[in-house]
Every structure is written in structure tokens, then in C-alpha cells.
Amino acid sequence: MVEMVMDRLFRKCPVTGLRVHQTSETLVKFNAVAAIVAFLVGVVAAFLLAMTRWQAVHLLPADWYYRMLTAHGLNMLIFFIIFFEMAILYFAGPILLGCRQPAPKTAWAAFGLMVVGAVLVDVMVFAGHADVLFTSYVPLRAHPLYYLGIILFAVGALIAVSLFFAALVVARREKTYEGSIPLVSFGGLAAAIIAVITLLHGAAIYVPTFLWSLGKMEVDPQVYRMVFWGLGHSSQQINVAAMVAVWYLMGGLTIGAVVVNEKISRWAFVLYVLFISMASAHHLLVDPGMGPSWKVWNTSYAMYLAVLASMMHGFTVPAGMEMGQRLRGFRKGKFEWLRRAPWSDPGFSGTWLSLVIFGFLGGITGVTQGTEQINIISHNTLRVPGHFHVTVVGGTALAFMALTYYVIPLIFRRKVAFWGLARWQPYLFAIGIVCMSMSMTFAGAFGVPRRHWDISFTNAPFGLEFPPAVDMMMAGLGLGGSLAVVGALAYIAIAVVSVFFGQRVDFDKLEPGMAGIPQGIIRLPAQAHSEEASAKAHEEGAPGTMVLVFVFLAVFILYYFTNWKLLSLVWKIG
Amino acid sequence: MSLHSGVVPPQGVWWKPAGRQERLWIQIAFAWCMVLFAMMPLWHLKGGQNPSGIRAKVVPTEFYERTREFVAEYQVGEVDGIPVVKPPPGADIYMIGKMWEWYPALILEEDTTYTLHLSALDVNHGFSLYPANVNFQVVPGYDYGLEITPNQPGEYRVVCNEFCGIGHHVMLGSITVESKGGAVSESTGGPNITTGAR
């Protein structure tokens with residue numbers, strides 16, 4: 001009897017052998033689709049913004065530029081990413097642990113709240129009632145329903161996150177797995193805890209601001225900035241934790257990446273949880289409200305322990321991939337494992353590009369600009385979006401895209417449509433976003449402001465013309481942005497067509513080289529190895545990764561001290 | 001301990017010491033993190049650019065009043081309705097961000113230290129000095145007093161780099177730095193800054 005009920009509620013995944021609860025699977029689908037809808041809105045806005053900041057084109061009028069900027073920030077950073085992360089949590093919890101969804105009705109209520117909140121916000125923004133940008137710094141004022149929409153969305157997300165915790169409890173109590181939870185679930189747990197911290201900051205700032213918009217209380221602009229960034233920056237740390245969890249997941253599925261050491265990887269996630277919400281300070285380094293010791297301590301996440309965590313993952317993720325590949329027989333020299341990786345599998349190429357872009361570009365620029373004094377030469381210039389488009393877009397969004405190519409066959413059980421395009425999509429998107437971000441970073445070094453409609457300053461009381469190099473950078477922004485938009489639209493087309501019109505996958509008839517199915521699904525690499533093979537792999541280690549991490553460190557040191565040098569040349573300030 | 005991927009629940013005791021390469025990398029990474037941390041206090045001691053300043057809460061209208069008194073005392077001209085002010089060396093000088101202008105325009109002397117007080121009348125603004133690329137957040141209700149020493153004569157512009165509403169992009173202020181002799185050297189003030197109104 002129990003078995004029969006179980007059969008109805010669960011299916012066994014023919015590839016991974018996981019017991020998949022149907023409700024959780026449906027929740028993954030709905031959250032993923034909502035994420036992609038928000039992503040589409042964000043991408044359209046992105047294109048219009050890139051075409052406006054490219055001064056030679058200067059497409060939108062001023063009011064629509066700021067309106068689209070508001071829509072872009074919210075749909076990308078909040079709606080797309082958080083819907084996608086809810087999908088990941090429904091996967092990393094109930095599905096990976098093989099347990100039931102603890103409270104299906106509550107889960108649907110949470111999803112409903114998030115959708116209502118997101119729609120409310122978008123309606124307010126596009127109707128022109130909330131031209132306050134993503135940050136909505138008080139005393140800029142939006143319509144009260146705008147703040148209410150964000151609150152509803154956040155409450156929904158908070159409920160969904162708590163269902164992830166509930167799934168952990170249910171799985172443990174019903175003994176649906178043996179041993180400890182897998183590393184990917186542990187990473188999901190870290191993301192979920194950071195999400196709670198983040199969403200509580202969100203409540204602490206948006207509820208008072210909602211009341212302020214109704215004229216019922218006062219909100220201090222500096223306090224707003226501090227608490228808002230407890231939400232705004234910490235939510236990026238949910239992304240980091242979720243992205244790293246996806247790196248571990250995709251490494252395993254695509255090339256059988258192993259966990260080099262469970263303790264080290266989990267410690268690194270714990271460090272994220274402990275320190276990462278201090279990064280609110282990154283936005284307040286040249287603010288008048290805080291003193292130097294507060295700034296130094298907080299901006300460094302208590303002596304850079306969260307940076308240490310990222311550097312730990314930055315070793316263990318590629319090292320796990322290298323050891324996995326070596327276990328599969330690619331053992332020649334230092335780099336055969338990398339050369340012979342499945343570069344035409346978008347699940348792998350997207351993951352690897354995400355890792356490299358996030359580490360080399362996003363991480364290095366972030367730590368450098370987040371240095372108290374160096375922030376003087378970067379705050380609110382284009383260097384800032386130049387940085388976060390290679391963390392949250394080139395890093396997180398690209399990792400999520402890579403994951404999508406495995407979610408489509410495994411969860412939706414459809415073939416990936418436009419397979420030829422799909423194999424190029426991660427490269428297109430990565431090249432575009434890197435070109436755009438580097439252009440922004442260089443333009444920002446000249447002092448070009450972010451969030452600015454017209455850097456030719458027509459109608460200003462004084463004249464200012466940036467040097468011609470800046471024009472070139474702004475063109476690079478426009479062209480790189482356009483390429484990234486093409487990559488993003490390709491992703492959306494592939495995902496939507498696969499999900500709604502895709503061919504069903506017949507898991508009994510998988511053949512090597514088949515179109516529409518990534519190689520890791522056609523033949524899943526070994527996920528566990530014998531003691532003997534493991535001992536040998538440990539002995540061989542990851543010599544290629546050692547080279548890569550030291551190259552990384554050299555670039556980091558060079559970029560960091562170059563910035564100190566640049567700072568030393570400006571006016572004396574104290 | 002047998003190796004497995006990140007989706008496999010580890011069995012038994014997995015709390016094992018890190019391998020040789022992993023340990024080495026973490027030690028180096030930790031040492032680098034300490035360097036990153038040490039640089040900030042070190043720059044406070046030895047470096048010339050720190051965002052510490054003199055920080056105080058202030059009523060925006062009172063700050064505006066203080067700025068107007070400062071303007072009345074030292075005004076030497078006007079551009080497009082914006083007063084141009086030349087304070088004496090070493091003075092406390094004021095600039096307020098309001099929708100959508102920097103008030104007033106300043107004339108300073110090279111290699112002279114002033115205390116620049118920044119604040120906003122209405123919403124957040126961003127003080128961004130071009131071409132020096134020096135950036136500070138300007139928050140209503142807070143007086144940010146920064147000791148500045150212009151190191152090159154020339155024409156400088158103050159871009160607003162915090163979104164402050166629909167007129168944000170016309171909010172451009174001016175600081176002129178005269179060399180000790182009194183003349184502005186056009187060549188060092190950055191490319192293509194036009195002087196005065198256009």
C-alpha cells in the first residue's frame with residue numbers, strides 16, 4: 001500500500017537514480033519558468049540601456065532610461081535570480097535527498113506571493129510610479145504599492161526558503177538518505193541561510209520605507225543605505241553560494257568532478273554564512289555616516305575570511321574537476337584533463353566560463369574596489385557595474401544557464417532545442433558580457449559615472465567632454481552588451497522552445513553524440529570511486545589546478561597594487 | 001575515504017585533514033588575505049588619501065544656510081546663476097548638492113589644504129571630481145568634511161554620480177585650481193573642459 005502511494009508520488013530518474021517527488025519537480029518547473037520570464041524583461045531592458053549609454057546611439061529619452069534601469073535591476077537581480085534559486089532549493093532539498101515536498105500547498109502559496117509581488121512591482125515601474133532605480137534611496141519616493149510588491153515577493157521567498165529547511169528535517173526523519181547531506185545540498189543550505197539573513201534585512205528596510213511612503217514614519221537616508229545594502233549586497237551572496245553549489249553539481253554531472261575534501265569545501269560555505277552579510281559596507285566606504293574602523297572591519301568581511309572562502313572554492317572546484325577527469329583517464333601532463341574536457345557540452349562550457357569569469361574578473365575587481373581607500377577612485381563610476389556584471393551575470397547567470405541545459409532533459413524530460421545554437425550559447429554570452437564589463441571598468445577608471453543618461457552633459461551649466469578613449473569604451477559597452485543580449489535571447493529561445501515544444505527524451509534510447517542531450521546525461525560519469533582509485537587520485541593530486549591558482553594570484557596582486565598606485569596620484573584627501 | 005561527486009551523500013567520518021596541495025593553497029590565500037587587510041590601516045598611517053573626514057549630522061536647511069553665508073563672504077563672480085567663490089587658503093569651504101546643481105563653484109589654490117564640507121539639500125547626490133576621479137557619497141542630513149589638497153592646477157568638474165531624479169545628467173559643478181602664481185594652467189586640467197558658461 002505504502003509502496004503504491006510512493007510510486008504515484010515519486011518517479012525514479014533513469015539517469016541519476018534519484019527518487020524525484022512529483023510536486024517538487026513541478027515546483028522546480030514553475031519557478032524556473034517564472035525566472036525566465038523575468039529574465040526576458042530584464043534582457044529587453046538591458047538592450048535598451050546598452051543602446052542608450054552607447055553615446056553614439058543614445059536611444060532612450062531620459063525618463064525611460066531611468067525607468068528601464070529600474071526595471072532591469074529588479075527583474076534581473078531580484079526576480080530572475082531568486083525565482084531560479086527557489087528552483088535550485090526545491091532541487092537541492094527534496095529531490096537530491098529523495099524525500100517528499102513537506103508542504104506542497106504552502107509552497108504554492110509562496111510561489112503565488114512571489115508572482116503577485118513581482119507583477120505589482122513591474123506594473124508600478126512601467127507605469128512610471130517608481131523611477132527610483134533598484135536602490136530606491138530614501139528620500140527618492142516611489143508609489144507605496146511598489147514597496148508593498150517587494151515585501152510580498154520577499155515574504156514568498158522567505159516561505160520557500162523555510163520549506164527547504166523543512167525538507168532537510170523530513171529527509172532526516174524519514175531516513176531517505178544515508179550519511180551526511182551531499183555537498184551540493186550543503187551549498188544550498190548555505191545559500192538558504194544567507195537568504196534568510198538577507199530577507200530579514202529586506203523586511204527591516206522595506207517595511208519602514210513602505211510606511212514612510214504612506215507618510216507614517218521617518219527614515220534616515222544614511223540608515224536606509226546601510227540596511228538596504230544588508231539586503232542588496234547580501235542577496236548577491238546568496239547568488240555566490242548558490243553558484244558555487246551549481247559549480248560542484250555541474251562538475252559532477254558533466255565530467256565526474258569529485259569533492260577533493262568534504263571538510264574544506266563545507267568550511268568554505270560556513271565562512272560565507274558567517275561573514276558575508278558584512279559586505280553591506282562595500283557601498284558605504286565613502287559615505288559620511290560611518291567611521292574608518294567600521295568601514296575597514298566590515299568591508300573586509302572581518303579580515304577577508306569570506307574572500308578566503310572564495311579562494312578555497314576557487315581551488316577545490318577546478319581541482320575536483322581535474323581529479324575527476326584524471327580518474328576518467330585523462331592523465332597526460334598538467335592539462336590534458338582540461339584540453340579533453342567536453343567543450344561542446346554547454347553544461348560544461350558554461351560552468352567553466354562562469355568559474356573563470358567570476359574568479360579572474362569578478363573576484364579580483366570586487367575585492368580591489370571594496371578596499372576602503374581604493375573605493376575613492378571607483379565609487380559610483382562605471383567600474384562598479386563593470387565589476388558586478390562579471391560576478392552576477394558572467395558568474396551566477398552563466399552558471400544557471402549551464403545548469404538549465406541539464407534541467408531540461410532531467411526534470412522537464414525534453415531534448416534541448418536548437419542544439420547547434422545551444423553549444424555556442426555560453427561562449428556568445430560570455431564573450432559579450434566580458435567585453436561589456438571590461439569596457440565599463442576602463443571607462444569608469446576615467447571617472448565616467450554609472451546610472452547616467454547623458455555623459456555629454458548637454459544643457460549643463462559647465463562643459464565637460466570625456467577623452468576619445470571613453471567614446472571607444474562606451475561603444476565597447478554597447479557592442480559587448482548587444483552580443484550578451486543575443487546570447488541571452490538564444491538562451492531564452494532554447495529554454496522556452498525545449499520546455500513547451502521540445503521532443504520527449506526516451507531514456508532507453510540514448511546514443512553517444514545524440515543532438516539535444518548533453519554528453520553527461522547520455523553517459524553519466526561515475527559519481528563514486530573505489531578506495532584504491534581514490535588513493536591513487538589523491539596521490540596524483542591536481543598539478544594543473546596548482547598552476548592555474550598561482551596565475552590567478554599573480555593577476556590579483558598586480559591589479560590590486562596597480563590600484564593603490566593610481567590612488568596615490570590623486571589629490572591628498574583625509 | 002573514497003572520492004565521490006557533490007551529489008553523493010558522504011558516508012561515515014569524512015572529517016579528514018586537507019591534502020598537501022590544498023593546505024598549501026589555503027595557507028597562501030590566508031596570508032594574502034592578511035596583506036589585503038593590513039593595507040587599509042597602513043594607508044591610514046602612511047597614505048595620503050583616506051575617506052575618514054570630519055563627520056557630523058546636520059539639518060539640511062542649516063547646512064544650506066551655512067553655505068550661503070560662505071558664498072556671500074567670498075563670492076567673486078557668477079556663471080549661469082551659480083555663484084563662483086574664492087575662499088582664502090586653508091578655509092572651511094562648502095559645496096551643497098541639490099536638484100540639480102552643485103552650489104557654489106569654487107576657485108582654489110594649488111598645494112593648499114582646505115576642509116571641504118559636502119552635504120545634500122534634498123536627496124542623495126554623488127560628488128565625482130573630474131578628471132582627478134575622486135568620488136564621495138553626499139547624503140542629506142550629514143556633513144562630510146574632507147581635508148583636500150589639490151595637487152595640479154586646472155579646470156575640474158564635479159559630476160553628480162548618484163541618481164537624483166530626472167535632471168541628474170545636467171548636474172555639473174566646477175572647481176578651478178589656480179597655480180600658486182594665480183594663473184590657471186589649461187594644459188593640466190584635463191582634456192576638453194570648456195571654461196565658463198556655454
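In what follows, chains are A, B, ... by sequence order, proteins preceding strands, each numbered from 1.
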**Message:** Please determine whether a side-chain nitrogen of the Lys or Arg among A/Asp220 and B/Lys57 lies less than 4.0 Å from a carboxylate oxygen of the Asp or Glu.
**Reply:**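 Here A/Asp220 pairs with B/Lys57 in a salt bridge, since their nearest N and O are under 4.0 Å apart.
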**Request:** Before accepting this row, confirm whether a basic side-chain N of the pair A/Glu262/B/Lys16 lies closer than 4.0 Å to the acidic partner's carboxylate O.
**Result:**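 A salt bridge is absent here (no side-chain N lies under 4.0 Å from a carboxylate O).
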[X], part contacting chain B, at a heavy-atom distance under 4.5 Å:
{"X": "A/Ile557", "result": "both"}
{"X": "A/Leu327", "result": "side chain"}
{"X": "A/Ser180", "result": "both"}
{"X": "A/Phe552", "result": "side chain"}
{"X": "A/Tyr301", "result": "neither"}
{"X": "A/Trp267", "result": "side chain"}
{"X": "A/Met323", "result": "side chain"}
{"X": "A/Met311", "result": "both"}

Let me know if [X] has heavy atoms under 4.5 Å from chain A in its side chain, its backbone, both or neither.
{"X": "B/Ala105", "value": "side chain"}
{"X": "B/Ile82", "value": "side chain"}
{"X": "B/Ile54", "value": "neither"}

Do you know which of [options] has the most heavy-atom pairs with chain A at a distance under 4.5 angstrom?
{"options": "B/Ala56, B/Gly81, B/Pro140, B/Gly141", "result": "B/Pro140"}
{"options": "B/His168, B/Glu162, B/Glu101, B/Arg55", "result": "B/Arg55"}
{"options": "B/Leu24, B/Asn50, B/Ile26, B/Val134", "result": "B/Asn50"}

Centres of the [X] and [Y] rings: under 6.0 Å?
{"X": "B/Phe163", "Y": "A/Tyr137", "answer": "no"}
{"X": "A/Trp571", "Y": "B/Tyr156", "answer": "yes"}
{"X": "A/Tyr304", "Y": "B/Trp32", "answer": "no"}
{"X": "A/His529", "Y": "B/His4", "answer": "no"}

Any heavy-atom pair between the side chains of [Y] and [X] that's under 4.5 Å?
{"X": "B/Asn161", "Y": "A/Arg451", "result": "no"}
{"X": "B/Asn133", "Y": "A/Val570", "result": "no"}
{"X": "B/Ile148", "Y": "A/Lys572", "result": "no"}
{"X": "A/Phe457", "Y": "B/Arg157", "result": "no"}
{"X": "B/Val7", "Y": "A/Thr16", "result": "no"}

Distance check, rounded to the nearest 0.5 Å: [X] atom [atom1] versus [Y] atom [atom2]?
{"X": "B/Met34", "Y": "A/Leu308", "atom1": "CE", "atom2": "CG", "answer": "7.5 Å"}
{"X": "A/Ile376", "Y": "B/Ser128", "atom1": "CD1", "atom2": "OG", "answer": "12.5 Å"}
{"X": "B/Asn124", "Y": "A/Leu140", "atom1": "CG", "atom2": "CG", "answer": "7.5 Å"}
{"X": "A/Ile377", "Y": "B/Leu129", "atom1": "CD1", "atom2": "CG", "answer": "13.0 Å"}

**Prompt:** Which is it for B/Tyr130 and A/Phe466 under the ring-ring contact (aromatic ring centres under 6.0 Å, His included) test, yes or no, and what are the steps along the way?
**Reply:** CA-CA 9 Å; B/Tyr130 179 84; A/Phe466 284 105; 4.9 Å; yes
**Request:** If the plane angle is over 60° it's perpendicular, under 30° parallel, otherwise tilted; pick one for B/Trp43 and A/Trp564.
**Result:**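 If you compare the ring of B/Trp43 with that of A/Trp564, the planes turn out tilted.
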**Asked** What are the two closest non-hydrogen atoms of A/Glu178 and B/Pro9, and how far apart are they?
**Response**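 Heavy atoms of A/Glu178 and B/Pro9 come nearest at O-CB, 3.3 Å.
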**Item:** Derivation of the side-chain hydrogen bond (donor to acceptor under 3.5 Å, both in side chains) call for A/Glu372 and B/His44
**Value:** CA-CA 10 Å; A/Glu372 188 202 9; B/His44 274 285; 2.6 Å; yes
**Prompt:** Any cation-pi pair here, A/Arg266 with B/Trp14, using under 6.0 Å and within 45°?
**Reply:**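 Flagged: A/Arg266 positioned over aromatic ring of B/Trp14.
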